[in-house]
Amino acid sequence: MKHCVVCHSPSTSLRPLWSGLVRCSQCGHCMADIDVDAFDAKSIYQKSYFIGGEYANYPHDQRIYERHFRKRLQMLHGLCPSGSIIEIGCGYGFFLALAQQHYRARGFDIASDAVTYARERLGVDASNQDFLEAEIPDQSVDIVVMWDTIEHLPRPDLVVKKVGRILKPGGVLALTTGDIESITARLRGKSWRMIHPPTHLHYFSRKTIRRLLTSEGLKPITIKYVAMSRSLRQVVFSLCVMKSKKEPLFYRWIENSWLGNLSFSINMYDIILVVARK
């Protein structure tokens, strides 16, 4: 990185933290030690990322992800009951399919296979395009969401700046991301489950995400820890396959049996939901 994306301090303020990560000595923001100008994100987010990469089988777990998407939609409906909504990082379109029942919904993602699935299987308005390159009129959008996305963005500062520009006065931004200053993250240190560059490039805290949003005229009104819904298939994959890079004999049995579809919600108190108004 040439500078901190939160406080814009120069590269001299970025100090080594753990292997592959640096921390800004001025504001505390953590990020992957990667040259984002040369970073090719599109090469990472192929079908293999969602099936057998960082997910066991993302599309197969649609009903499980829809569980927390419905809760988030209920929250958004209380803040803004109608209008337009844009999802940055829409993936397979599960959230968009639910959102279009209440809003004029549109999504953007650089993962071409996922966007094709969203359009052809779910019939949503999803574009295989970088949000920063999309032509969206200023002050034309009521809600923007980024679910588990901002940590993947090479330049989250530019994305937030554009969000601030396209939101109507009183418009809402909602996002989820990991909190590197949470008790869970501090206890786990460099072994925290959210640390895996180059897919996760940025590691926010309550302090740094608040600073980034307020710098673009977005006032946080909610920052809280939230539970995440996961299948047993995904939990075992994350714990036993991703970490060890080996597939235990019992994993394939769980993946293909009814046990893999068992699901639950758990709050590890290290994922924050952030809601801000313009």
Side-chain angles (χ1 to χ4, degrees), residues 1 3-9 13-18 20-33 36 68-69 71-72 74-76 78-80 87-89 95 143-164 167 170-197 199-230 265-278:
M1 293 293 295
H3 68 279
C4 174
V5 299
V6 173
C7 69
H8 303 291
S9 295
S13 296
L14 303 179
R15 309 292 171 78
L17 178 58
W18 297 310
L21 266 65
V22 294
R23 185 196 296 270
C24 176
S25 61
Q26 301 301 309
C27 72
H29 180 60
C30 302
M31 63 204 84
D33 189 13
V36 296
H68 57 245
F69 286 154
K71 292 180 181 179
R72 292 172 190 174
Q74 185 177 16
M75 173 203 67
L76 292 171
L79 296 170
C80 180
E87 181 180 12
I88 303 170
F95 175 80
I143 304 172
V144 175
V145 300
M146 289 187 277
W147 305 133
D148 306 324
T149 294
I150 195 168
E151 63 270 19
H152 294 263
L153 302 174
R155 291 297 304 271
D157 54 331
L158 298 183
V159 171
V160 170
K161 179 183 288 291
K162 183 170 181 176
V163 169
L167 278 176
V172 173
L173 167 66
L175 63 88
T176 51
T177 193
D179 175 11
I180 197 168
E181 293 295 333
S182 65
I183 293 177
T184 301
R186 290 187 180 196
L187 289 175
R188 295 293 294 163
K190 62 183 179 180
S191 298
W192 183 40
R193 62 193 173 86
M194 298 294 290
I195 296 178
H196 42 82
T199 53
H200 286 185
L201 297 170
H202 294 276
Y203 301 85
F204 291 93
S205 66
R206 287 170 172 257
K207 175 185 174 182
T208 56
I209 194 66
R210 182 185 296 274
R211 181 166 180 170
L212 177 62
L213 297 182
T214 54
S215 69
E216 299 302 335
L218 300 171
K219 181 181 179 181
I221 57 175
T222 298
I223 301 180
K224 66 178 181 179
Y225 294 115
V226 290
M228 305 295 286
S229 298
R230 292 290 184 267
S265 294
I266 185 170
N267 193 338
M268 299 291 291
Y269 294 93
D270 59 357
I271 304 295
I272 48 175
L273 168 69
V274 183
V275 182
R277 277 198 186 274
K278 180 176 177 179

Sorted by chain and residue number, the side-chain contact (heavy atoms from CB on, under 4.5 Å) partners of Tyr225 (sequence neighbours excluded) come out as Asp179, Ser182, Arg206, Asn267, Tyr269, Ile272
About how many Å separate NZ of Lys207 and CD1 of Ile180, when rounded to the nearest 0.5 Å? 13.5 Å
Expected output: side-chain Ser9 to main-chain Gln26 donor-acceptor under 3.5 Å: no
Closest approach of Ile195 and Leu21, non-hydrogen atoms and distance? CG2-CD1, 4.0 Å
Taking all heavy atoms of Leu76 and all of Ala174, pick out the closest pair and write down the distance. CD2-CB, 4.0 Å
More than 12 heavy atoms of other residues, nucleotides or ligands under 6.0 Å from CG of Leu158: yes or no? yes
Salt bridge (charged side-chain N to carboxylate O under 4.0 Å, His left out) partners of Arg23, counting only residues at least two apart: Glu181
Backbone N or O of Pro154 within a donor-acceptor pair of the His202 side chain at under 3.5 Å? yes
Exercise: identify the closest heavy-atom pair between Gly178 and Ile271: CA-CD1, 4.0 Å
Indicate yes or no: at least one non-hydrogen side-chain atom of Leu173 is less than 4.5 angstrom from one of Met146. yes
Nearest heavy-atom neighbours spanning Pro156 and Val5: CG-CG2, 3.9 Å
Are Met31 and Leu14 close enough that some pair of their side-chain heavy atoms sits under 4.5 Å apart? yes
Return the set of residues passing side chain to side chain donor-acceptor pair (under 3.5 Å) with Ser265 (not counting sequence neighbours), or none when no residue passes. Ser229
When you look at NZ of Lys162, are more than 12 heavy atoms from neighbouring residues, nucleotides or ligands closer to it than 6.0 Å? yes
Restricting to non-hydrogen atoms, name the atom on Gly164 and the atom on Leu218 that form the minimum distance, rounded to 0.1 Å. CA-CD2, 4.3 Å
From Val275, Val145, Thr176, residue fulfilling side chain to side chain contact (heavy atoms under 4.5 Å, CB included) relative to Arg72: Thr176
Under the rule for ring-ring contact (aromatic ring centres under 6.0 Å, His included), what residues qualify as partners of Phe204, not counting sequence neighbours? His29
When you compare the side chain of Lys71 with that of Val226, does any pair of heavy atoms fall below 4.5 Å? no
Are any non-hydrogen side-chain atoms of Ile221 and Leu79 less than 4.5 angstrom apart? yes
With a 4.5 Å heavy-atom cut-off, do Cys4 and Ser13 have their side chains touching? no
Checking the side chain of Thr199 only, and the main-chain atoms of Pro197 only, is there a donor and an acceptor separated by less than 3.5 Å? no
Under 4.0 Å between a Lys/Arg side-chain N and an Asp/Glu carboxylate O for Arg188 and Asp270? no
Non-hydrogen side-chain atoms of Leu212 and Asp157 separated by less than 4.5 Å: yes
Under a 4.5 Å cut-off applied to non-hydrogen side-chain atoms, are Ile209 and Ile150 in contact? yes
To the closest 0.5 Å, what do you measure between OH (Tyr203) and OG1 (Thr177)? 9.5 Å
Report the residues that fulfil ring-ring contact (aromatic ring centres under 6.0 Å, His included) with His200, sequence neighbours left out, ordered by chain and then residue number. His152, His196
Measuring only between side-chain heavy atoms, which start at C-beta, is Trp147 closer than 4.5 Å to Leu273? yes
Inter-residue atom distance His3.NE2 - His8.NE2, 0.5 Å rounding: 5.5 Å
Applied to residues 218-230, the salt bridge (charged side-chain N to carboxylate O under 4.0 Å, His left out) test, sequence neighbours excluded, yields none
Side chain of Lys278, backbone of Leu167: donor and acceptor closer than 3.5 Å? yes
Spell out, as yes or no, whether a donor-acceptor pair under 3.5 Å connects the side chain of Arg155 to the backbone of Val36. no
